[in-house]
Amino acid sequence: MKIFVANWKMQLTLAQQIEYCEKHLEEIKAWKHKIILCPSFPALVTIGRRLHKTDVALGAQSCSDHPHGPYTGQVSASSLAQAGCSYVLVGHSEERALGVTDDVIAKKALRVLEAGLIPIVCIGETLEQKKHGATREVLEYQLQPIHEVVKKAPFYIAYEPVWAIGSGQTPTPKELEEILAWLKHTNPNAGLLYGGSVTPETIETLSQLPFLHGFLVGGASTDFQQFKKIVSLVA
Ligand code: PGA
């Protein structure tokens, strides 16, 4: 069984997210893989109620690095737990692009663990960094503060090269295999996910890779037929 995390980002309105669940949840419930839906904040409570007592899990796309307090616009991990979340994405490259640092991302992961939830820590290099042969160095840099907070707790690492997100491009199987083997070796308590242009076209090759527990699917997960196709193509 693999894990498929549907990261809807800000692609769908509240009404569209609820409609997606109303129309497709029964079918999703019957899939043989583990599905984690990550809607936007306003949809969490309503969708969380629908997912309650099903095997389909709820995830949030981010959280505050503070437990509570005067932080206008932020959402605490403990509120996410009360909304029914079991997972929280932290450090997505779209969040990092806004200037959120590795240390703040590690604090978010800590808040997630304190709330009894599982962090899915996103890491990945830019095209520029890849061209300079700095991929491992960048990933190491991103993971180091995470190791300090996570210690021995179970968590997920989603390896998402920034240049692969929404571009239709993916690393070669050889490149991915090397990175995944290294991540597995250096993060024995982490489950490994891959994200970045996971589509019906790329999933067959990606699903042959060793060490992977699953996939983080962005754009293609917002279209139910595409998402269904991706999930159905994995044994
Ligand atoms: P994508 O996005 O599947 O649209 O490339 C993945 C992500 O950003 O998590």
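Counting starts at 1 for both ligands and their atoms, following the listed order.
Side-chain contact annotation: S62 with E95, donor-acceptor N/O pair under 3.5 Å present. In the model, S93 has no side-chain atom that pairs as donor or acceptor with a side-chain atom of E160 under 3.5 Å.
Of all atoms in ligand 1, listed by their number and element, those nearer than 4.0 Å to a heavy atom of N7 are 9 (O). Each of the atoms 7 (C), 8 (O), 9 (O) of ligand 1 lies under 4.0 Å from some heavy atom of H92. Near G196, meaning under 4.0 Å from one of its heavy atoms, ligand 1 places the atoms 5 (O). Taking every non-hydrogen atom of G219 and a distance limit under 4.0 Å, the qualifying atoms of ligand 1 come out as 1 (P), 3 (O), 4 (O). Interface atoms of ligand 1 facing S197, defined by a heavy-atom separation under 4.0 Å, are 1 (P), 3 (O), 5 (O). Heavy-atom contacts of L216 reach the following atoms of ligand 1: 9 (O) (cutoff under 4.0 Å).
Aromatic ring centres of W182 and Y159: separated by at least 6.0 Å.
A donor-acceptor contact shorter than 3.5 Å is absent between the side chain of K107 and the backbone of S64. A donor-acceptor contact shorter than 3.5 Å is absent between the side chain of Q226 and the backbone of A220.
A salt bridge is absent between E177 and K174; no separation between the charged side-chain nitrogens and carboxylate oxygens falls under 4.0 Å.
Remark: among candidates G218, G168, G166, the nearest residue to atom 5 (O) of ligand 1 is G166, based on non-hydrogen atoms.
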Output a table of donor-acceptor pairs, distance under 3.5 Å, between side-chain atoms of residues 195-204 and any protein atom two or more places apart or on a different chain; print 'none' if there are none.
residue: S197; atom: OG; partner: A164; partner atom: O; Å: 2.6
residue: S197; atom: OG; partner: S167; partner atom: N; Å: 3.3
residue: S197; atom: OG; partner: G168; partner atom: N; Å: 2.7
residue: T199; atom: OG1; partner: E201; partner atom: N; Å: 3.2
residue: T199; atom: OG1; partner: E201; partner atom: OE1; Å: 3.3
residue: T199; atom: OG1; partner: T202; partner atom: N; Å: 3.2
residue: T199; atom: OG1; partner: T202; partner atom: OG1; Å: 3.3
residue: T202; atom: OG1; partner: S197; partner atom: O; Å: 2.7
residue: T202; atom: OG1; partner: T199; partner atom: N; Å: 2.9
residue: T202; atom: OG1; partner: T199; partner atom: O; Å: 3.4

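Distances between N or O atoms of K9 and those of ligand 1 include at least one value under 3.5 Å.
Rounding to the nearest 0.5 angstrom, the gap separating the OG1 atom in T186 from the CD atom in Q144 is 12.5 Å.
Ligand 1 lies nowhere less than 4.0 angstrom from a heavy atom belonging to A220. Using 4.0 Å as the threshold, G195 has no heavy atom nearer than that to any atom of ligand 1.
The shortest contact between atom 9 (O) of ligand 1 and any protein heavy atom is with E160 OE2, 2.7 Å.
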